[in-house]
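I have placed the structure first, in the form of structure tokens, so that the comments after it can refer back to it.
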Amino acid sequence: MNAISPSADTAKYPRCIEASKAGRWELDRDVIRGRTFDTRTKYLPDGLSLVRELPLPDAEARLISQIQGRTYANVFSLVDRFITAKLIEVGRDHTLGDQHALEALARFSDEEIKHQAMFRRIEQMIGGVMPAGYRFDIDADAVARAVLSRSTWSVLVLTLHIELFVQLHYRESIAPDRDLSALFKDVFLHHWMDERQHAVLDELELKRLDAMLDDEERDRGVDDFIDLVSAVDALLQVQATSDAAYFSTVCGRRLATAEADAIGRHFLKAYRWQYILSGASHPHFQRILKSLVTGAQLARITAAVGTLA
């Protein structure tokens with residue numbers, strides 16, 4: 001394990017403030033702009049939905065991209081709930097200290113609250129154009145309470161993991177796909193604009209906190225992070241089952257049992273890729289983990305994530 005100085009690069013806090021000011025956007029003015037969702041277009045790109053692995057006609061592949069895109073927005077609304085709460089909490093450490101850090105984290109929290117409002121709006125808009133029957137019944141407050149009951153170290157590691165895969169997904173899959181809904185793409189453009197700074201701030205806070213932990217506390221944090229990944233996967237299993245059943249109901253034909261089962265497995269595979277594996281394998285996430293934990297601790301994390309691949 002490499003030692004990290006408690007005095008992280010504090011010059012990054014004011015830079016994040018300036019970036020936040022420069023990139024400030026409003027939901028109706030800059031994102032929605034009077035538009036609606038069109039079911040003739042894909043929502044989630046093939047690189048995330050993995051839909052091209054299924055032998056489906058284009059209309060059904062597009063429907064899967066729309067179902068997964070709707071869930072994608074709802075999942076971010078869910079995780080932003082506990083991310084906001086945790087960053088408000090860690091921001092209190094700076095109340096009588098570094099005022100740049102305090103302002104940067106206050107802006108972080110404000111932007112995450114704005115994201116929650118955006119994703120609630122997107123759910124309503126997509127729900128207005130897609131067939132009835134879709135369900136996302138996960139209680140965001142209950143999930144947030146469960147996550148926040150774990151150590152701050154583990155929650156910040158999970159948060160960094162999320163913020164890094166947000167950037168990866170946008171740059172490598174969403175932005176380059178010319179066949180996506182322009183509105184859906186703009187939603188995640190503006191989300192990505194904020195998350196670039198959020199990842200920097202989360203990394204700073206994680207390193208600051210880590211420098212104050214002893215070996216036993218960090219080891220408990222590793223266990224907590226593994227438990228959180230397992231809990232995320234349990235939620236994904238529930239939603240994959242629900243989304244596959246919804247597809248079977250609204251796709252316009254009766255699916256054979258074997259095909260319906262294959263589609264259900266595919267939804268879970270895609271969700272595990274989107275929300276766990278793409279972030280866990282992110283090179284920068286790997287570098288940060290290696291700088292914080294021992295080889296044995298990293299091996300525990302790798303083994304736990306590997307069971308989902």
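Pairs of residues two or more places apart, or lying in two chains, never qualify as side chain to side chain donor-acceptor pair (under 3.5 Å) while including a residue from residues 155-168. Residue pairs meeting the side chain to side chain donor-acceptor pair (under 3.5 Å) criterion with at least one partner in residues 259-268, sequence neighbours excluded, are Arg253-Glu259. Evaluation of the salt bridge (Lys or Arg N to Asp or Glu O under 4.0 Å) test over residues 78-90, restricted to residues two or more places apart or in two chains, returns Arg81-Asp141, Lys86-Glu89. Within the structure, salt bridge (Lys or Arg N to Asp or Glu O under 4.0 Å) pairs that include any residue of residues 164-175 do not occur (at least two apart or interchain). The salt bridge (Lys or Arg N to Asp or Glu O under 4.0 Å) contacts involving residues 299-309 comprise Asp219-Arg300, Asp223-Arg300, where partners must be two or more places apart or lie in separate chains. Applying the salt bridge (Lys or Arg N to Asp or Glu O under 4.0 Å) test to pairs two or more places apart or on separate chains, those with a residue in residues 92-101 are Asp93-Arg208.
Here Tyr246 pairs with nothing under the side-chain hydrogen bond (donor to acceptor under 3.5 Å, both in side chains) rule; sequence neighbours left out. Taking the side-chain contact (heavy atoms from CB on, under 4.5 Å) definition, one finds that Ser248 meets it with Leu255, Ala260, sequence neighbours left out. Every residue two or more places apart in sequence or in another chain that forms a side-chain contact (heavy atoms from CB on, under 4.5 Å) with Arg40 is listed here: Asp38. Partners of Val31 under the side-chain contact (heavy atoms from CB on, under 4.5 Å) rule, at least two apart in sequence or in another chain, are Trp25, Leu27, Met118, Val187, His190. Residues satisfying the ring pair (Phe, Tyr, Trp, His ring centres under 6.0 Å) criterion with His282, sequence neighbours excluded, are absent altogether.
In summary, Asp215 and Arg218 engage in a salt bridge, as defined by a charged side-chain N under 4.0 Å from a carboxylate O. Between Arg62 and Asp179 there is no salt bridge, since no side-chain nitrogen of the basic residue lies less than 4.0 Å from a carboxylate oxygen of the acidic one. One finds a salt bridge joining Glu53 and Lys269 here, because a Lys/Arg side-chain nitrogen approaches an Asp/Glu carboxylate oxygen to under 4.0 Å. Salt-bridge annotation for Asp58 and Arg52: present, with a side-chain N of the basic residue lying under 4.0 Å from a carboxylate O of the acidic one.
Separating the CD1 atom in Ile126 from the OG atom in Ser181 is a distance of 8.0 Å, to the nearest 0.5 Å. Taken from NE2 in His284 to CG in Leu160, the straight-line distance is 6.5 Å, to the nearest 0.5 Å.
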Q. So Ser109 and Ile88, side chain to side chain contact (heavy atoms under 4.5 Å, CB included) or not? Walk me through it.
A. CA-CA 6 Å; Ser109 301; Ile88 289 173; 3.3 Å; yes

**Q.** Stepwise side-chain hydrogen bond (donor to acceptor under 3.5 Å, both in side chains) test for Glu123 and Ser77
**A.** CA-CA 10 Å; Glu123 161 57 25; Ser77 180; over 6 Å; no

Q. Can you list the steps and then say if Leu228 with Phe82 is a side chain to side chain contact (heavy atoms under 4.5 Å, CB included)?
A. CA-CA 12 Å; Leu228 288 173; Phe82 70 74; over 6 Å; no

Q.
Apply side chain to side chain contact (heavy atoms under 4.5 Å, CB included) to residues Val79 and Val147 and explain how you reach the verdict.
A. CA-CA 10 Å; Val79 301; Val147 171; over 6 Å; no

Q | Criterion side chain to side chain contact (heavy atoms under 4.5 Å, CB included) on Leu87 and Leu156, from CA distance to verdict | A | CA-CA 9 Å; Leu87 269 295; Leu156 291 179; 4.3 Å; yes

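Considering every non-hydrogen atom in both Leu236 and Tyr271, the closest pair reads CD1-O, 3.5 Å. Across all their heavy atoms, Thr41 and Gln66 have their closest contact at O-NE2, 2.8 Å. The two residues Arg70 and Gly127 come nearest to each other via the heavy atoms NH2-CA, 3.3 Å. Contact record, Leu102 with Gly91: CD1-O, 3.6 Å, taken as the closest heavy-atom pair. Residues Leu56 and Ala61 approach most closely at CB-N, 4.3 Å, considering heavy atoms. Taking every heavy atom of both residues into account, Glu60 and Cys251 meet most closely at OE2-O, 4.2 Å.
No close placement of the His191 and Tyr170 rings is indicated, their centers lying 6.0 Å or farther apart.
Side-chain contact between Ile122 and Phe37 is present, with heavy atoms from C-beta onward closer than 4.5 Å. Put simply, the side chain of Leu44 reaches to within 4.5 Å of the side chain of Gln274, judged on heavy atoms. Looking only at side-chain heavy atoms (C-beta outward), Ile162 and Leu158 come within less than 4.5 Å of each other.
Ring pair Phe76/Phe188 is tilted by interplanar angle, where 30° to 60° counts as tilted. Between Phe165 and Tyr275, the ring planes lie perpendicular to each other; the angle is over 60°, past the 30° to 60° tilted range. Ring geometry for Phe285 against Phe225 counts as tilted: the plane angle lies between 30° and 60°, on a 0 to 90° scale.
Between the side chains of Glu111 and Gln197, no donor-acceptor pair of N or O atoms lies under 3.5 Å. Of the N and O atoms on the side chains of His198 and Glu195, at least one donor lies less than 3.5 Å from an acceptor on the other residue.
Shown here is Arg135, whose CZ atom has no more than 12 heavy atoms of other residues, nucleotides or ligands within 6.0 Å. By the 6.0 Å contact criterion, CD on Glu216 is open, its count of non-hydrogen atoms from other residues, nucleotides or ligands being 12 or less.
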Donor-acceptor pairs under 3.5 Å, side chain of residues 302-309 to any protein atom, not counting sequence neighbours: which ones?
| from | atom 1 | to | atom 2 | distance (Å) |
| --- | --- | --- | --- | --- |
| Thr302 | OG1 | Leu298 | O | 2.9 |
| Thr307 | OG1 | Ala304 | O | 2.7 |

